[in-house]
Colleague: 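Below is the structure I would like to discuss, written out as structure tokens.
Numbers here simply count residues along the sequence, with the first being 1. Counting starts at 1 for both ligands and their atoms, following the listed order.
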Amino acid sequence: MGDSSSEDPVARVLAQFEQDTAQGTRSRSDFERLKGRFLGRDRGLVPALFANVKALPPSERAAFGARANAAKREIEEAIARLGEDLSRREQRAREASETVDVTLPGRRPRLGGLHPVTIVRRRIEQIFLRMGYSIADGPEIENDRYNFEALNFPPEHPARDSQDTFFVDRRASSPLLLRTHTSPVQIREMKKRGAPLKIIVPGRVYRNESVDATHAAVFNQVEGLAVDRGISLADLKGTVEEFFGALFGRETRARFIPTFFPFVEPGVDVAASCIFCKGRGCGKCKGSGWIELAGAGLVHPKVLAGCGIDPEEFSGFAFGLGLDRVAMLLYEFPDLRLLLDGDERFLRQFARQT
Ligand code: PHE
């Protein structure tokens, strides 16, 4: 070839084609560029060859035309092959990216978990279900009559001050409020079902509290109510001890200290022996050996009578337990607000428990 090839347009185009395809064609766009450069109708190098024909002496035209046609065929065929190669490679790449490697380990779905309050509520429900209680429920928007009056809190009674709440509608015949405790469900259930009766009532309650590590404006209680013939404070004590034993461990004891709630008589503050120091006194129980968890007492005769239950025939006990406090104790976290923040770093730690 040498010099003659650089002077001969057909040889030049073939040489150019060889050079351009020496590296192979990598991508679809490389290929399209190559194809346009040689075969493009307007500026393609191959069609341009034929423009030379007119400039040749007639005697050379036939030979030149034959060689140009041969070159054209050669280049067209080579480009067709390159196109097929490229399509095959693209197909293989598609298949590779779409294949599922069945030997890869599966991706574990992120499972949600139960909220610590739910875990504790369910444990408590199980304990009382075993003791023959059933589970009752009541509205969180309660009326003043059930939240206070039927529970022997007269209007303006100072005992209401400890349960300041959020009023929803003060104009209703009995003002509507967010219930401050689960005790109104005592009234609802006694009115509905009469005596004898054994229920627990887990539920959310509300108070107008300044929020800090141990006080929240929304929290959870479990109410307990047992009404039957001959119920005494000893039954309450035995029940609470059995409950604490099941929840915190058998060595746990219960302590009653007299206090006032208008709907019980007598009323008691209930404490459990400290589950950390077993009652010897430690930081968690502030050295006292006891941790206060509930209010309780014998149902006030006026409350029974108000629900149509004869206090001469029946007596009962009731207790109200702070569920969030129990969760704090069992799981040893320092701040009640963690229960409401929805922070996954906290909640994740309970995800495997049911
Ligand atoms: N309802 C009372 C409170 O929330 C607790 C309680 C319940 C006390 C039942 C006595 C009997 O403070």
Side-chain angles (χ1 to χ4, degrees), residues 117 121 124 128 133 135-140 142-154 157-166 177-190 195 197-209 214-228 231-240 243-244 254-272 291-304 306-307 309 311 314-326 336:
V117 165
R121 171 174 59 72
I124 294 174
F128 280 99
Y133 286 69
I135 298 169
D137 197 10
E140 289 175 24
E142 187 52 280
N143 59 45
D144 187 276
R145 190 146 43 89
Y146 287 168
N147 195 81
F148 291 123
E149 246 169 274
L151 289 163
N152 204 27
F153 289 82
H157 191 282
R160 288 187 177 217
D161 290 352
S162 67
Q163 303 200 2
D164 188 18
T165 186
F166 303 96
L177 46 80
L178 296 183
R179 66 179 180 188
T180 59
H181 49 179
T182 41
S183 299
V185 188
Q186 289 188 31
I187 307 299
R188 290 179 176 275
E189 290 293 304
M190 283 193 283
L197 186 69
K198 271 166 87 178
I199 54 167
I200 58 162
V201 186
R204 200 177 282 141
V205 302
Y206 303 83
R207 285 187 202 178
N208 185 8
E209 293 270 5
T214 54
H215 295 86
V218 183
F219 56 104
N220 297 275
Q221 291 188 329
V222 181
E223 192 83 7
L225 173 68
V227 181
D228 208 336
I231 295 254
S232 75
L233 209 59
D235 297 303
L236 175 61
K237 188 91 190 275
T239 303
V240 169
F243 166 59
F244 283 173
R255 183 191 70 177
F256 285 6
I257 287 183
T259 190
F260 175 77
F261 296 102
F263 44 96
V264 286
E265 179 58 37
V268 293
D269 274 329
V270 180
I291 295 178
E292 287 208 1
L293 290 175
L298 292 186
V299 182
H300 198 292
K302 272 173 76 176
V303 172
L304 290 173
C307 296
I309 294 172
F314 288 100
S315 57
F317 66 69
F319 59 83
L321 175 83
L323 191 53
D324 313 74
R325 295 259 169 96
V326 172
L336 210 52

Colleague: Checking the side chain of Asn147 only, and the main-chain atoms of Thr180 only, is there a donor and an acceptor separated by less than 3.5 Å?
Modeller: yes
Colleague: Does His300 come within less than 4.0 Å of ligand 1, judged by its heavy atoms?
Modeller: no
Colleague: Which atoms of ligand 1 are found less than 4.0 Å from any heavy atom of Gly320?
Modeller: 6 (C), 7 (C), 9 (C)
Colleague: Please work out whether any backbone atom (N, CA, C, O) or any side-chain heavy atom from C-beta onward of Phe263 is under 4.0 Å from ligand 1, and answer side chain, backbone, both or neither.
Modeller: side chain
Colleague: Looking at CG of Leu197 and CD of Glu189, how far apart are the two atoms once the value is rounded to the nearest 0.5 Å?
Modeller: 6.5 Å
Colleague: Taking all atoms of both residues into account, what is the closest heavy-atom pair of Ala150 and Val303, and its distance?
Modeller: O-CG2, 3.7 Å
Colleague: May I ask you to identify, for Ala296, whether its side chain, its backbone, both or neither come under 4.0 Å of ligand 1 on a heavy-atom basis?
Modeller: backbone
Colleague: Going by the order shown, which atoms of ligand 1 are within less than 4.0 Å of some heavy atom of Gln163?
Modeller: 3 (C), 4 (O), 12 (O)
Colleague: Are any of the N or O atoms of His181 closer than 3.5 Å to those of ligand 1?
Modeller: yes
Colleague: Between Val185 and Glu223, does the side-chain contact (heavy atoms from CB on, under 4.5 Å) criterion hold? Intermediate values first, please.
Modeller: CA-CA 8 Å; Val185 188; Glu223 192 83 7; 6.0 Å; no
Colleague: Begin with the C-alpha distance, continue with both residues' side-chain angles, and end with the deciding distance and a verdict on ring-ring contact (aromatic ring centres under 6.0 Å, His included) for Phe128 and Phe319.
Modeller: CA-CA 13 Å; Phe128 280 99; Phe319 59 83; 5.5 Å; yes
Colleague: Does Gln221, backbone or side chain, put an N or O under 3.5 Å from an N or O of ligand 1?
Modeller: yes
Colleague: What's the separation between atom CZ in Phe219 and atom CG in Leu323, rounded to the nearest 0.5 Å?
Modeller: 11.0 Å
Colleague: Could you tell me the residue and atom name of the protein heavy atom closest to atom 8 (C) of ligand 1, and the distance to it rounded to 0.1 Å?
Modeller: Gly295 C, 3.4 Å
Colleague: Taking the side chain from Arg179 and the backbone from Arg204, do they hold a donor-acceptor pair closer than 3.5 Å?
Modeller: yes
Colleague: Under a 4.0 angstrom heavy-atom cut-off, which atoms of ligand 1 come close to Arg207?
Modeller: 3 (C), 4 (O), 12 (O)
